[in-house]
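Bear in mind that the values here come from a model prediction, so they are computed numbers and not experimental data.
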Amino acid sequence: VRGTRRGAGITHGTHGAGWTLRPPGAESGVGGYLKFHRTLAFHDFTPVGMSLNKRLNKDRGDCRVIEGQKIAIVLPAYNAAKTLEKTVSEIPRDIIDDIILTDDFSRDNTAQLATELGLHVVRHDKNMGYGGNQKTCYSTALERGADIVIMLHPDYQYSPRLLRAMCSMLTSGHYDVVIASRILGKGALKGGMPLYKYIANRCLTLTQNILMNAKLSEYHTGYRGWTRKVLETLPLNRCSDDFVFDNQMLAMAINDGFLVGEISCPTRYFEEASSINLQRSIIYGLGCLRTSAQFRLQKLGIPCSNLFKK
């Protein structure tokens with residue numbers, strides 16, 4: 001979009017004239033954005049000092065740019081104030097229709113900052129756990145009409161710039177689930193992943209691939225996307241509210257025959273990035289092995305978990 005004086009591109013007026021966004025070459029008075037022919041107005045109630053990008057995100061509405069599908073990004077947040085703005089600044093808002101942050105009773109000002117950034121904010125009145133937070137994320141996105149939902153951690157450990165590629169994969173019709181893998185390529189160790197976590201990741205993934213008859217490069221990334229059909233099919237209420245939620249959800253998707261695609265993703269490990277300690281990592285790893293064993297027993301006709309019951 002080109003910004004010029006009134007009559008072409010972006011214009012600004014006062015006392016109700018607001019901002020008008022039109023594609024280059026559009027005739028004066030004909031509002032539109034790509035093929036959707038709409039006008040975005042930002043009147044005097046817009047907070048002073050809010051950047052144009054924040055205003056666009058706040059009021060841009062439902063564009064459905066990619067294949068006519070509504071795309072939502074969900075941010076499961078807990079004490080993410082230090083990294084939230086950096087993460088949100090790299091989200092490609094020209095293709096994203098909705099950005100939802102679920103604050104899991106943070107002790108910092110995560111929810112306030114998210115509101116200032118123009119995100120849709122849901123705040124828990126008590127800590128629900130990592131899995132419980134995601135359940136709220138997904139249910140909220142579906143309630144708001146999303147066709148594609150991608151979970152992105154707001155701690156800036158994963159690159160938001162890959163959202164465009166993930167959206168394209170999910171709207172192509174080829175994949176029902178897309179995960180951004182830190183293991184494809186050499187990004188994990190280069191990005192600072194501790195060696196013990198890298199080794200544990202590889203060993204767990206090998207074991208799970210064998211037990212689940214799959215061929216993924218990893219099961220443990222926190223950067224993943226789903227079609228609406230997947231989210232409406234999986235009984236997420238059966239999953240844990242703890243960190244093993246991610247693994248259980250992916251296992252259920254594979255069990256139901258949904259197609260999983262992968263994309264290589266660089267990662268960043270730094271002080272502000274969230275990461276579980278060694279004790280929690282061991283508990284998580286054992287939970288993953290248990291989930292995979294339950295998956296295999298279910299396939300052998302020995303049901304032993306509610307996760308895979310029809």
Side-chain angles (χ1 to χ4, degrees), residues 33-36 38 40 53-54 56-77 80 84 87-88 90-104 111 114-115 117-124 128 130-154 158-180 221-237 239 245-246 248-250 252-253 256 258-261 263:
Y33 180 69
L34 296 181
K35 64 180 180 180
F36 303 100
R38 61 180 297 153
L40 305 179
N53 280 340
K54 292 177 186 176
L56 288 174
N57 183 62
K58 181 178 180 181
D59 291 334
R60 65 191 300 275
D62 186 351
C63 292
R64 301 177 186 259
V65 172
I66 301 182
E67 301 294 336
Q69 299 193 50
K70 183 173 182 177
I71 299 172
I73 306 303
V74 294
L75 307 171
L84 177 59
T87 302
V88 172
E90 293 188 11
I91 293 176
R93 302 188 184 191
D94 57 322
I95 62 168
I96 303 302
D97 299 286
D98 202 6
I99 306 178
I100 302 165
L101 181 137
T102 303
D103 180 64
D104 199 24
T115 301
L117 292 171
L119 312 187
H120 178 79
V121 179
V122 178
R123 192 169 195 270
H124 292 159
M128 302 295 291
Y130 175 68
N133 200 355
Q134 282 195 62
K135 292 174 185 178
T136 301
C137 283
Y138 295 133
S139 62
T140 302
L142 292 179
E143 288 171 3
R144 291 170 61 84
D147 299 303
I148 300 295
V149 183
I150 299 179
M151 179 184 71
L152 171 66
H153 288 183
Y158 302 98
S159 173
R161 297 177 183 178
L162 291 176
L163 286 169
R164 194 179 304 273
M166 295 175 72
C167 290
S168 295
M169 292 175 71
L170 287 164
T171 58
S172 69
H174 295 305
Y175 302 104
D176 306 299
V177 182
V178 170
I179 62 175
T221 175
Y223 197 2
R224 46 186 66 197
W226 318 85
T227 62
R228 185 180 185 91
K229 181 180 179 181
V230 175
L231 295 177
E232 290 181 333
T233 300
L234 301 183
L236 298 184
N237 61 306
C239 295
F245 173 93
D246 275 345
Q248 292 174 336
M249 186 177 181
L250 188 55
M252 288 196 300
D256 284 0
F258 290 113
L259 299 178
V260 183
I263 183 173

Trainee: How long is the gap from CG on Leu163 to CD1 on Ile96, to the nearest 0.5 Å?
Mentor: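 The CD1 atom of Ile96 is 5.5 Å from CG of Leu163, to the nearest 0.5 Å.
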Trainee: Just to verify, what does Ser159 make a side-chain hydrogen bond (donor to acceptor under 3.5 Å, both in side chains) with, not counting sequence neighbours?
Mentor: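 Ser159 satisfies side-chain hydrogen bond (donor to acceptor under 3.5 Å, both in side chains) with no residue once adjacent residues are dropped.
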Trainee: Measuring from atom CD of Glu90 to atom CG of Leu162, what distance do you get when rounded to the nearest 0.5 angstrom?
Mentor: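 Going from CD on Glu90 over to CG on Leu162, the span is 10.0 Å.
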Trainee: Do Phe258 and Met252 come close enough that some side-chain heavy atom pair is under 4.5 Å?
Mentor: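 They are not in side-chain contact.
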Trainee: Identify, with sequence neighbours excluded, every residue that meets salt bridge (Lys or Arg N to Asp or Glu O under 4.0 Å) alongside Asp246.
Mentor: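 Per chain and number, Asp246 pairs via salt bridge (Lys or Arg N to Asp or Glu O under 4.0 Å) with no residue.
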Trainee: For Pro76 and Pro154, which heavy atoms make the closest approach, and how far apart are they?
Mentor: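 Looking at all heavy atoms of both residues, the shortest contact is O-CD, 3.4 Å.
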Trainee: Could you go step by step and tell me if Thr140 and His120 meet the side-chain contact (heavy atoms from CB on, under 4.5 Å) rule?
Mentor: CA-CA 10 Å; Thr140 302; His120 178 79; 4.1 Å; yes
Trainee: Checking Tyr158 now: which residues fulfil ring-ring contact (aromatic ring centres under 6.0 Å, His included) with it, not counting sequence neighbours?
Mentor: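 With neighbours one apart ignored, the set is His153, Tyr223.
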Trainee: Find out whether Leu170 and Ile150 are in side-chain contact, i.e. whether some heavy atom of one side chain is under 4.5 Å from a heavy atom of the other.
Mentor: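 They are in side-chain contact.
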Trainee: What I'd like to find out is whether the side chain of Val74 reaches to under 4.5 Å of the side chain of Thr102, using heavy atoms alone.
Mentor: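 When only atoms from C-beta onward are counted, Thr102 and Val74 do not touch, as no gap falls below 4.5 Å.
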Trainee: Do Ile99 and Leu117 pass the side-chain contact (heavy atoms from CB on, under 4.5 Å) test, and can you show the C-alpha distance, the side-chain angles, and the key distance before you say yes or no?
Mentor: CA-CA 10 Å; Ile99 306 178; Leu117 292 171; over 6 Å; no
Trainee: Return each pair, listed once, that meets salt bridge (charged side-chain N to carboxylate O under 4.0 Å, His left out) where at least one residue sits in residues 137-146; pairs must be two or more places apart or across chains.
Mentor: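 Of all non-adjacent pairs touching residues 137-146, those that pass salt bridge (charged side-chain N to carboxylate O under 4.0 Å, His left out) are Asp98-Arg144.
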Trainee: Can you give me the closest heavy-atom contact between Arg64 and Gly145, atom names plus distance?
Mentor: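 Of all heavy-atom pairs spanning Arg64 and Gly145, the closest is NH2-O, 4.3 Å.
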Trainee: If you apply the rule side-chain contact (heavy atoms from CB on, under 4.5 Å), what do you find for Leu236 with Ser139, and how did you get there?
Mentor: CA-CA 10 Å; Leu236 298 184; Ser139 62; over 6 Å; no
Trainee: Considering non-hydrogen atoms only, spot the tightest contact between Pro160 and Pro92 and give its length.
Mentor: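 It is O-CD, 3.7 Å.
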Trainee: With rounding to the nearest 0.5 angstrom, report the CE to CG distance, Met249 to Leu231.
Mentor: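 Spacing of CE (Met249) from CG (Leu231) equals 5.0 Å.
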Trainee: Strictly by side-chain hydrogen bond (donor to acceptor under 3.5 Å, both in side chains), give each pair with a member in residues 163-179 just once, sequence neighbours left out.
Mentor: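 Pairs touching residues 163-179 that pass the test: Asp94-Arg164.
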Trainee: Minimum heavy-atom separation for Ile66 and Cys167, please, with both atom names.
Mentor: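 In this case the closest contact between Ile66 and Cys167 is CD1-CB, 3.8 Å.
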Trainee: Ignoring hydrogens and angles, tell me if any N or O in the side chain of Thr221 forms a donor-acceptor pair with the backbone of Ala180 under 3.5 Å.
Mentor: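 Judged by distance alone, yes, a pair lies under 3.5 Å.
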Trainee: Determine whether a donor-acceptor pair (N or O, by modelled atom type, separation under 3.5 Å) exists between the side chain of Asp97 and the backbone of Ala72.
Mentor: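 Not a single qualifying donor-acceptor pair exists.
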Trainee: Testing the basics here: between Asp147 and Gly68, what is the closest heavy-atom pair and its distance to 0.1 Å?
Mentor: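 Closest approach of Asp147 to Gly68, heavy atoms only: OD2-O, 4.4 Å.
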Trainee: Taking all non-hydrogen atoms of both residues into account, name the closest pair between Leu152 and Leu75 and its distance.
Mentor: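 Shortest heavy-atom contact: O-CD2, 3.0 Å.
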Trainee: Could you walk me through whether Asn133 and Met128 satisfy the side-chain contact (heavy atoms from CB on, under 4.5 Å) test, starting with their C-alpha distance in whole Å, then the side-chain angles of each, then the deciding distance to 0.1 Å, before giving a yes or no?
Mentor: CA-CA 6 Å; Asn133 200 355; Met128 302 295 291; 5.6 Å; no
Trainee: Who passes side chain to side chain contact (heavy atoms under 4.5 Å, CB included) against Ala111, sequence neighbours left out?
Mentor: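 Testing Ala111 for side chain to side chain contact (heavy atoms under 4.5 Å, CB included), a comparison that skips the adjacent residues, returns Asp103, Val121, Arg123.
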